[in-house]
Every structure is written in structure tokens, then in C-alpha cells.
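Values below: every heavy atom of this structure, side chains too, minus hydrogens, waters and symmetry copies. Only a predicted model underlies this, so the values are computations on that prediction, with no experimental measurement involved. Chain letters run A, B, ... following the sequence lines, proteins first, then strands; residues in each count from 1.
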Number of protein chains: 2
Amino acid sequence: MTMSVKEILAGSAKVGDTVTVKGWVRTRRDSKAGLSFVAINDGSCFDSVQVIAANNLNNYDDEITKLTKDCAVIASGELVESPGKGQSFEIQASQIEVVGWVENPESYPVSPKRHTVEYLREVAHLRPRTNLFGAVARVRNCVSQAIHQFLNQEGFSWVHTPLITASDCEGAGEMFRLSTLDMMNLPRTDKGEIDYSQDFFGQESFLTVSGQLNVEAYCLAMSKVYTFGPTFRAENSNTSRHLAEFWMIEPEIAFADLNDNAALAERMLKFVSAELLEKCADDMAFFAQRVDKAAISRLETISQSSFEIMDYSTAIEHLLKAKKKFEFPVEWGVDLASEHERYLCEDLVGKPVTVMNYPKGIKSFYMRLNDDNKTVAAMDVLAPGVGEIIGGSQREERLDVLKTRMAEVGVSEEHLGWYLDLRRYGTVPHAGFGLGLERLVSYVTGVANVRDVIPFPRTPGNIPF
Amino acid sequence: MTMSVKEILAGSAKVGDTVTVKGWVRTRRDSKAGLSFVAINDGSCFDSVQVIAANNLNNYDDEITKLTKDCAVIASGELVESPGKGQSFEIQASQIEVVGWVENPESYPVSPKRHTVEYLREVAHLRPRTNLFGAVARVRNCVSQAIHQFLNQEGFSWVHTPLITASDCEGAGEMFRLSTLDMMNLPRTDKGEIDYSQDFFGQESFLTVSGQLNVEAYCLAMSKVYTFGPTFRAENSNTSRHLAEFWMIEPEIAFADLNDNAALAERMLKFVSAELLEKCADDMAFFAQRVDKAAISRLETISQSSFEIMDYSTAIEHLLKAKKKFEFPVEWGVDLASEHERYLCEDLVGKPVTVMNYPKGIKSFYMRLNDDNKTVAAMDVLAPGVGEIIGGSQREERLDVLKTRMAEVGVSEEHLGWYLDLRRYGTVPHAGFGLGLERLVSYVTGVANVRDVIPFPRTPGNIPF
């Protein structure tokens, strides 16, 4: 019977059964006694299964002893107990069919030696064949599935908000313009401006920076909703924490305030951590051993202890009292810089910190104005090592206050009439947040650069594959 | 205790419990005896819960008798058995708090009367508050969650392939160009062409039409993978089956041929159908009653019977023998037009049909050439009412054959060197397909236009919200 390596190692077959496994050679070792030990990996789990090939196999000399890393094979044989340590089962091969060879193994881009992550980005199509990137892919999948499962069992519906949008309303960042106009021969209006009325959508259009405003419309009909999709920033940021295209999860809850919002974020991160500990134990063990010693203990801390909640004003007091020298000055009213965020969660608290109630001047127009008239019901969850992984707020549900805030910051009512409608008709207190998937995966694995936790990263000047 | 309408109607609380429900008024009916019957919906399920308000409530005259559709309320009271038919429970209100009124109920865009779907598209931000669009949103969520659950339990990993791409390799359709260049002042090369080296990615870039080529790279490391994300076509198609932005699911399996591929597609559609029958029974009952009588029986058919599998050549024979007059001529070698597809699945077979082995001339370069040298291992799943909902193929895994096919159709090896690498290093037979989410939701609900099964549709000349 054909089984995945994961099923075989988990004991889904009995000793004595004939099993078939299909995958790629990780290593081959030949003994002097005329035996070859071939480790086969199929990506279903971190570990490979050991297949023992004796020299009486008919293709032993011609093929088996020539196998190199990532040759594709189909191996069949009897499942036996493994005498070696570490693994419980191995396969005594009765047949190994070579399905695909590796051309010029010496020049194979992901040959079995140490490669830097920078080099591996240049061969992003082959890097999932390495231990590191295979583990990242499985952890990323596990995190994503866990988020769907968690939100679904809490009664949330996944809503597919549009990626293409006509307005940069949120002001969350620079946008990519989208067009099908002939660039060599752009149509012009009488005034000499670009005539976007002739473009695909009949007006200027962009890639969205957030699905929030759209998902609020569904929140005010279905109570609990979320987005899970790609998001874009056309910012020229070459840092380890920024991508031009990244994935974001944005839950939105009706009849909820900022505390409900923070509680949801915490429950979600706890659920994800518990799932990773249970379902990706082998991958997490690898990260703990090779990338970041704290990888497993961090998940245990998240899943067991409550998050620190801190008012922005308190955070400022802590920063002012800190013995550390900061590059950027601290005073009430400033946005927190990365160094401040890291001080709070890494030095002061040592775990994720939820900072709440920021000055209105540094936050978006749609965030709910607090009674002090100075702060808004915003929150950021800061994680050691990566900084902000979640940003959220209670939304301004009062029509008059929202209009005043829009006027203050210069957002036109004309473009957002539909958004104001949500406050005209059956408005309710509601709140939500955005979780950056890459930052979360970076945080849980300890892999420092977000370019290494997304399959094909898009950054300024960089778009191979 | 606060509960969703779904939980209350499902019997999660006991008769005699005090429960609180938060939602929006669907209807209000006043009896002469001084009682008001307020139906409250929170989007958690199709049905509303009935709340009975007596005139001894302190805001009865001032507020409760003035409630109109979609006023937001929080109602608390004792859960009692419902004497009426249809529902088992209702709430005897001890308090109804009005959280958000509806401004000018007479001019409210989704007031409680019949609206056409065409009109409701113009108020897409409010249409989820109608029975039809609420049901569509829940069914769409259920389909999406079922797909993740099915693929996950079959051992597939979700891979987030990039949306931004540098090449139109697949030729699946017209693409949107993406740019951050100043359109009023475009940089030019010495030759007078647009100088895309100064653009964000240092070259011309587009929105992808498929994640397939990228996900193949992960397939050849992880064996079972899939994409689930938005996809784009800049085609000027104003039909009920086309969107400029739509969602697609693309599974890809290693060590698999076209039959494995068709079997996976069938298992997946069966699983989705069973989930819908179980989890969205109320929504599906609504579709069967109001939209398409066959909505439920269709799901039962899919989940219980096997799909028809038909060779392209056989399909052509059937079409040639058909008594029906076709607009487009039929002969071996032509692509099937919509009328042909509908004849096959609607008139000839009466259920989904998987057509296989199309002439190579009408299919993409990456599809595996059959031994007859005339056809490729491609398949389309055609569904009654909507036509193609799945398109897939076994991929050409042989380096030399793939190169020949690329040369034949004029795809440059230079841009796809990385894709050829997948055949140079450990290649294996593999196959996959793309499932259009909107067409599937349209098919299962009977809602005829894909614009009505996605929250905010993007079509030529159309990008509000």
C-alpha cells in the first residue's frame, strides 16, 4: 500500500506489511557489506524514512549506488522495526524505481551542503527541498489552517474582500497602480491629464492595502467575519520585516469593544501555538535546534500565560524611565519606533505586549475616539524579535464623530459614502485587527527575515520566478 | 448568557435560561393585545429568532414600536418553547436595548421589499443584510472551509504563491499591469520605450492569472500542495460567468496522472456537497425554495453518484450526432464552446462531466503530450448551468518534450528556466487543476450570475466600494 513518509513513521502500517513510498532521496550511504541506506523524504513531515537496499536488487549497481540528493524514487518493501535510534520504522526494499534523476549532481543548485539563506533566495523554486524551507512551508501551512479552524469554530465567516480598489482611503501605505492602458500611447483628457475613464475599470485603480473597510460591511450583517488574503504595499522598504506582497488575516467582530478585540487576538495566538506544538513537533524541534533555541519554549509560554496589556501612556512612562539609550526621542504623542517596541516586549516584559489607546494624531481616522478626546481605541500586539504582529482598533461607530475625524484628516466623504452608510443604518460598536502572517511565522520559527517565510518574496527591485 | 441566533435555535440553551442575543431587526409585528414580535437576525444562520416584547417594557412605546428593519438591538429574556410552527424556541424579552437606529427607514436602500439583484449590486455594502446575499455569504464560507478541511485531511499543504509576477508565461489570459511610475512623466529608454528598470520591481510586472507554475515548485518538494487565492483576468468579458478578480483553488499532486487528478476533483466536490447539506441545510432550503428547485437534489446527486468521464473524441462524436443545432461548428480539433459544454452535461448526461484528452493545439504548453502525439492529458469538469468549473491536466514532466512544446508555441526558455529546472532535477509525473470558487458557488446555489456570489465584484468599468 502506498503511504506518505509521515504515515509510515507515525505507525499507520504494521511491521511486516508491504509498503510503497514515493519521494526524493535526501541522503545515500553505502556499507561495505553491500547494503545502501537511502533516506527518502516526501515533504509530508520533517523526517525522512530509511530504505535499506541490498545488492541483490536488480538495479543496485546501475542505479541505486548512483542515487544523489533529490533523485525521485518509488520504493517498495517490507516495513521493519528500526534498530537505529530516533526512528521506529524502516523499509527493507524489494524494489526501488528511479523516476527522475538529478542532472549534473555536482552543479545542482541545492546540493547537499550548507547554503546561506541569501543564496537560497536566488533559487526559491528549489529551496523547499532543504530542511529549513520545508519546515517553514509546513509551519506556515499549519498556522494558516489553525487560523481558519479557530475562527470557524468561533463562528466567524471567511469573507473574500476585493484586492483591486479605486481609492486609497485608509492611507495605510503607498499603493500599486493597476492599468491596462497602452503605456506608449496614454490617452489624455482635455486638461492634459491621464484619461483613466478609458482604463479597464473606467477610473484609476490600485491594489488594496487592507480589506478592513470592506469587511466591516459584512461584519454589520454577519456579526463575526474575517479576511485571509494577500495585501500590498508599494513602499521602498528593504528591511527584514517588509514585503511588497504579504498575507494578512483581518477578523472583525460586531457588538465588541477593544477588550473583546484583544481577547480574540490572544485566544487566536494561543490556539495557533498549541496547534504548532501538537502538529509540527518535528519541524519545531528543528527550529529549536538549528535556528532559535527558544522556538518551542516561546510557543509554550504563549499558549499558557496571559499577554501583558499596557496602556500607551504607561508604555511611554516605562520608556522614559528606561536605562537604555534610544535613537528616537520618547514623549507622549510620538509613534513607537521599532527600538521602543522591542524594549517593551523584549527587555521589559519578555513576551508579547498589547499596547492600547494611542494618541489620535498618529492613528487612522476610523479608530474610535476615546472619552479623553486625545486617544483612540487602538491596539498593537508587539512580539519579541519582530515587533508589531497585530494592529487593530475599535472602529468609530458614531456617524457624527466619524465625519468630524474624516474632515480633520482630509478623507473625503464622497468616496466613503458607503462606509458612512454603515453608521447610518443599524450601526453597532465593532472592532477588529490585522495579523501579518509572515511576521507571525517569522516569530514562531525564529527565522529572522520575512523573505524566508513566504514562498516567492516580492521586494523592491526583486521579482524573479 | 450571550448566544448567537444559531446557537439559540440549535438548542444550546435550556428552556427557562436567560439569554441575550445581539443582532438586527428583520421584521416587527405588533398585536392588538399589546405585544410586539421582533425577529432578530445576526447572520450566524439563515433564520431569525423571535423575541416577544410586551408593552410593560419601559421603552415599549418610545422605541420598540418604532423598530424597523436592520435597527441594531440587544435583547435579553427567558428562553421559552415556541408555540408557532417552524421554530422550536423564542425569547420572552425582559429588555430590548436599541444600539443603532436606521436613518429614514422609508429611503433605506435595503428596505423590506423585493429588490432586484441588479439593484442590489449597486448597494453591495448593504446587500449581505438580505436573505439571498446572507445565504450566499454563508454558503461561500462553508464551501471555502470545506475545501481547506478536505485538502488538509488528505495531506495537502496550502502554499501562498505570488500574485505579482513578471511574466505572462501561461498565456491563460490578458493581464493587469502594475506600476508605481509617474504616469504623467514616464521614464524612457534611449530607444524611446518605457524604462521599466525604474519601476518598483525593476521590470514590467503584472497580476498573475494562475499560481500553477509556482505551486509546481512546491509540489516537487512536498508532494501534495494547493493554492487558494485571488486571480485576475483583464478581459473585457461582460458575461454572467466572468470577473476581473475571482478566487481559485489549485491543487497539485506529485506522482500522479490524469486519472488521479480527476479522482481528486471528484472526491473534493463530493466532500463539499456533503458539508453543505449538513452545515448549511437552512440556507440550501432557501435556495431550493426561492432560486433553484434543484439546489438540494443536485448536491445529493453529486455526493452520491460518480461523475461521468468522457474522452474529448467521444464528446465530439456525441456532439456530431446531436439533434440540437449549434451556433459554432463541431469537428475534432475545435475547442468546446459554451453551448457544446452545456449540451454534454445538461442534455446528454444531466450531471457533471469530466472531459479528457483534448487536442494539443487548443491547450497550454505545460500539459502532458499523450502517446498519440495529437492530444494532451487535459481535463475539464463541466457542470450543468455554469459550464467549466474545473480545468486541469497532467503536467509535462519530460524535459525534452516540454522544451519542444515551448518552442512550438513560442514560450521562451529564458523566462522559464526555473520551471525547466523542475524537470532537470528529480522530475516526477504530476498533475493538478484549478477550481473557480465563484462558478462552484454559483453552481451549488443556482444563483446565475457570478457577480452575486462574490462580496464586491470587479468587472469592466465597475469598481465601486
Margin query: side-chain contact (heavy atoms from CB on, under 4.5 Å), that's the test. Do Arg138(B) and Met222(A) meet it? Break it down for me.
Written below: CA-CA 9 Å; Arg138(B) 280 183 299 276; Met222(A) 305 184 72; 3.7 Å; yes
If you tally heavy-atom pairs under 4.5 Å between each of Val98(A), Val25(A), Leu207(A) and chain B, the highest tally belongs to Leu207(A)
Turns out that what part of Trp247(B) lies under 4.5 Å from chain A's heavy atoms comes down to side chain
The interface call for Ser4(A) against chain B, heavy-atom contacts under 4.5 Å, is neither
Ranked by heavy-atom pairs below 4.5 Å to chain B, first place among Cys71(A), Gly229(A), Gly202(A), Ser144(A) goes to Ser144(A)
Note: Met183(B) and Arg188(A) closest approach over all heavy atoms is O-NH2, 4.3 Å
Looking at Ser223(B) and Gly43(A), would you say the former's side chain and the latter's main chain have a donor-acceptor pair under 3.5 Å? no
Between His125(B) and Leu422(A), the two heavy atoms sitting closest are O-CD2, 4.0 Å
From the list Ala234(A), Ala137(A), Ser205(A), the residue making the most non-hydrogen contacts under 4.5 Å with chain B is Ala234(A)
If one checks every heavy atom of Val215(B) against chain A at 4.5 Å, the contacting part turns out to be neither
Chain B shares the most heavy-atom pairs under 4.5 Å, among Asp70(A), Asp199(A), Leu186(A), Asn214(A), with Asn214(A)
When the 4.5 angstrom heavy-atom criterion is applied to Leu220(B) and chain A, the contacting part is both
Hits for side-chain contact (heavy atoms from CB on, under 4.5 Å) against Ala221(A), two or more places apart or cross-chain, chain-then-number order -> Pro128(B), Arg129(B)
With chain B, the option among Val159(A), Ile164(A), Val102(A) that has the most non-hydrogen atom pairs under 4.5 Å is Ile164(A)
Bottom line for Val123(A): the part with an atom under 4.5 Å from chain B's heavy atoms is neither
Can a donor-acceptor pair be found, under 3.5 Å and without considering hydrogens, that links the side chain of Arg177(A) to the backbone of Leu181(B)?
yes
### Query
Does the ring center of Phe176(B) lie less than 6.0 Å from the ring center of Phe201(A)?
yes
Worksheet item: Is a side-chain donor or acceptor of Arg140(B) paired with a backbone partner of His160(A) at a separation under 3.5 angstrom?
Response: no
Under 4.5 Å to a heavy atom of chain A? For Tyr226(B) that would be side chain
Chain B shares the most heavy-atom pairs under 4.5 Å, among Pro457(A), Ala244(A), Ala254(A), Ala217(A), with Ala217(A)
For Val428(A) and Val99(B), the nearest pair of non-hydrogen atoms, with its separation, is CA-CG1, 4.0 Å
Bottom line for Cys45(A): the part with an atom under 4.5 Å from chain B's heavy atoms is neither
Okay, Pro230(A) and chain B: the region with an atom under 4.5 Å from a heavy atom over there is side chain
Honestly, the part of Phe232(A) sitting under 4.5 Å from a heavy atom of chain B is side chain
Chain A shares the most heavy-atom pairs under 4.5 Å, among Pro162(B), Pro460(B), Gly100(B), with Pro162(B)
Nearest heavy-atom contact between Trp158(A) and Gln145(B) is CB-NE2, 3.9 Å
If one checks every heavy atom of Thr68(A) against chain B at 4.5 Å, the contacting part turns out to be neither
_Looking only at the aromatic ring of each residue, does the gap between the centers of Phe255(A) and Trp24(B) stay below 6.0 angstrom?_
yes
If one checks every heavy atom of Thr2(B) against chain A at 4.5 Å, the contacting part turns out to be neither
